[in-house]
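Reckoned from all heavy atoms, side chains included, excluding hydrogens, waters and symmetry mates. Chain letters run A, B, ... following the sequence lines, proteins first and then strands; every chain starts at 1. Remember, predicted model here, so these are calculated numbers, not experimental data.
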There are 4 protein chains.
Amino acid sequence: MEQATRRRRVNGEASRAKILDAAAEIAVERGYDGTSIALVSAKCGLPASSIYWHFRDKDALIAAVIARSFERWSGAWTIPTDGTPELRIEAMVAQIAQALLDSPDFLRLGLMLALEHRPVEASARAMFLRVRAEARATLAAGFGDMIDGLTPVQLDQLVTYAIAGADGLFIANEIGGDAVDLVELLGIHAHALLDLAQRMSGARL
Amino acid sequence: MEQATRRRRVNGEASRAKILDAAAEIAVERGYDGTSIALVSAKCGLPASSIYWHFRDKDALIAAVIARSFERWSGAWTIPTDGTPELRIEAMVAQIAQALLDSPDFLRLGLMLALEHRPVEASARAMFLRVRAEARATLAAGFGDMIDGLTPVQLDQLVTYAIAGADGLFIANEIGGDAVDLVELLGIHAHALLDLAQRMSGARL
Amino acid sequence: MEQATRRRRVNGEASRAKILDAAAEIAVERGYDGTSIALVSAKCGLPASSIYWHFRDKDALIAAVIARSFERWSGAWTIPTDGTPELRIEAMVAQIAQALLDSPDFLRLGLMLALEHRPVEASARAMFLRVRAEARATLAAGFGDMIDGLTPVQLDQLVTYAIAGADGLFIANEIGGDAVDLVELLGIHAHALLDLAQRMSGARL
Amino acid sequence: MEQATRRRRVNGEASRAKILDAAAEIAVERGYDGTSIALVSAKCGLPASSIYWHFRDKDALIAAVIARSFERWSGAWTIPTDGTPELRIEAMVAQIAQALLDSPDFLRLGLMLALEHRPVEASARAMFLRVRAEARATLAAGFGDMIDGLTPVQLDQLVTYAIAGADGLFIANEIGGDAVDLVELLGIHAHALLDLAQRMSGARL
DNA sequence: TATGAATGAGACTTCATTCAT
DNA sequence: AATGAATGAAGTCTCATTCAT
């Protein structure tokens, strides 16, 4: 009996994972609206009604896809604590770049959603904005730790510019494919961030 | 008689413009799939079937929206020909930033489409990639003109980084709203581009 | 002025013929409902509104297609007046078979329409029934002339069976293509008709 | 519990049957294109979307109508095994005629489709051609069994002529209504087939 | 822990036709 | 003798979702 329950639970989680995999694959290819439940059902082999057993609605499904991809990404890098600011920023950006190549789904999907201004599809978009804010806070803490003498406004601008570069280069890589070397270009971006930070704190002095 | 003929012809073009206006407004808000013909029809006042007189299908309509917005944007700035590279780049980026604030549709819509990788449904996405390539060529010519001693590969990287920053900051502005000053941040980006260009050509010497 | 008028009339008839050609080609391929005005317009190169200048509506257009094809067919054979009944029937059927291979449109289209039981599409279906009745009368006169001693009921049955064989073999030829030799099979049918006629008149004696 | 399950399953099949009944009734009256899903929906009481649960698309629905009607028809007659060839052929044709009066749908619909030569839209037309080939094979076996000394080519021609007569008389009955006695005329056709078979095998000796 | 069947709304698109010029 | 533009109705089909089992 206990065995059966455990088996059941395990099967349930396996089904959930199959659904998430299928949804991620489709959503990344076709966007939020292009991801129909029927398509996900066909790809994962479970009937549409089973998808609704695991997820409240389509919105929650996409939100879960984003959350899972973000967790993988954010678990794949940490803020370096040793070395000069130059080395630490470079190391951090290199880690982030690699994590982005390994878990790009949340960003690809999230940017699509972020560019729309709809009131609907609340939870998927909200999920992206939440994880983005989380990443932003992590970055701000890291930069504040590495570089001294920045006002909050300056720090904010620095983080905004840092993320913008990452977003833009991520898009360039998505569009341009292998012709765009994401790691190298993010390295260039790391350099620009350092320059900017120094100019900022220098201007302050 | 001639007047009447002209009136007729003008009416056709006026209808076309009304449809494009409505489609642009909706597509920017809701994306490609969120833009239904029924919504466009309701907003422009013409029946759905009339939209199909002017445009082959929905895809062609969105492509036309992108093309028109891009033409407005690219007609709103030129590459400066006088002054030091510093001043010229700053002036150019300032123009581009303003044009982007005035005609953002093609970029907003285009980025949504570019992030999707659908196998079929070409023309709207293809249109964006085409105009993007055109803008890229214009920029490359401008940078090549302003800065000496760059290899083609370096020029390419410089342009990629320039556009990535613009895309990323555009997105930051879309998400963050007025909290993000697009013109100021693109000014910072212009500075980074100059530094990068100098580092590149210096490395060459 | 007269020249212009004549030219115009000539052009008008040329347009009419182009429309009929296009409509025939499409209708034979796709049937009544499958023949859209837009398709005809695309094939003949004239705008849809021009088709309505030449024909009252779609129904009248299809009726005209049937009428033209029937006129070609019925003008391509005559009832033989010399020889034994055997030879005359054989000669007649051979002519009819050849005419059917040359002008099959009215029969193909007509049979499609005849098999439907709709109240609508009045004139095209009515046109086929009219020309079919005309052909039936011609045949009945021919048979009555060739074979003596048939009651009206017998003559009617003979004609019905004759036409049924022609229809069925025509269909067999349409479906089976070159594997079915229409002329040879209609020759067999001619033989069967003779046998039947003799049995009928013999039974009467 | 089992009852309930069975009930559920039965309900699905009952719905399927209701849809098929409605579609058959409409398709026979109005042809392939005249059979709109909305019409079928209205007649069977299920919403249009439910029709798509049971059938892939309209084409598959019509194909199923044809298949079901053909099965009824072909299950309603057998090839007689006793008696002289004359009696056997007459008995067989009489059975076939009666079955045709009882289950005429597949032939009426099929002939409409067979007369069209559309490039695409395969499955309904393909279904008719398939069942027609099946009927043809059954007939050929029957004739081969009843009549000795026919070459394969002769047998083929005999079957083609037999089917053509049936098709043509079926059409005559459809057009002419009660004025045409299908059973009597098919009896005449049976006679013609016997004559032809004897002429063929005699020619061979 | 699932799933077969159903459903109303709405998607894109084409239809035959009209009308002013 | 012709046509550019428009139009309401209807076409096929997919949508996200629900519910009884």
Please walk me through it: do A/Asp33 and A/Lys58 pass salt bridge (charged side-chain N to carboxylate O under 4.0 Å, His left out)?
CA-CA 10 Å; A/Asp33 289 285; A/Lys58 174 178 154 177; 5.0 Å; no

Using modelled atom types and a 3.5 Å cut-off, is there a donor and acceptor pairing between side-chain atoms of C/Asp59 and backbone atoms of C/Ala122?
yes

Per [X] side chain, nearest of listed nucleotides [options]:
X       : options                : result
C/His54 : F/dA5, F/dA2, E/dT17   : F/dA2
D/Ser15 : F/dT18, F/dT12, E/dA6  : E/dA6
C/Ala48 : F/dG8, E/dT17, F/dT18  : E/dT17
A/Ala38 : F/dC15, F/dT7, E/dC12  : F/dC15
B/Asp57 : E/dT17, F/dT14, E/dT13 : E/dT13
C/Leu46 : E/dA16, E/dC12, F/dT3  : F/dT3

Start with the C-alpha gap between D/Arg125 and D/Glu116, add the side-chain angles, then the distance that decides, and say whether salt bridge (charged side-chain N to carboxylate O under 4.0 Å, His left out) holds.
CA-CA 9 Å; D/Arg125 189 175 195 266; D/Glu116 299 182 7; over 6 Å; no

Between [N] ([atom2]) and [X] ([atom1]): distance, integer Å:
X       : N      : atom1 : atom2 : value
C/Glu13 : F/dA1  : CD    : P     : 9 Å
C/Lys58 : E/dT14 : NZ    : P     : 15 Å
B/Phe55 : E/dC12 : CZ    : P     : 15 Å
C/Leu61 : E/dC15 : CG    : P     : 14 Å
D/Lys18 : E/dA6  : NZ    : C1'   : 11 Å
C/Asp33 : F/dA9  : CG    : C1'   : 15 Å
A/Ile19 : F/dA16 : CD1   : C1'   : 15 Å
D/Leu39 : F/dT12 : CG    : C1'   : 14 Å

Are the side chains of C/Leu107 and C/Phe70 in touch, meaning some heavy atoms are under 4.5 Å apart?
no

Do A/Val65 and A/Glu25 come within less than 4.5 Å of each other through their side chains, counting heavy atoms only?
no

The residue, C/Gly34 or D/Arg16, whose nearest nucleotide of DNA chain E is more 5′ is D/Arg16

Paired nucleotide for E/dG4 [Watson-Crick or G-U wobble; both distances under 3.5 Å]:
F/dC19

Whichever of B/Ile51 and D/Thr35 has its nearest DNA chain F nucleotide further upstream toward 5'
B/Ile51

Let me know, please, whether C/Tyr52 or A/Tyr52 comes out on the 5' side of the other along DNA chain F by nearest nucleotide.
C/Tyr52

Could you tell me whether the phosphate oxygens of [N], OP1 or OP2, come under 4.0 Å of any side-chain nitrogen or oxygen in [X]?
X       : N     : result
A/Ser50 : E/dT3 : yes
B/Trp53 : F/dA5 : yes
A/Ser49 : E/dA5 : no

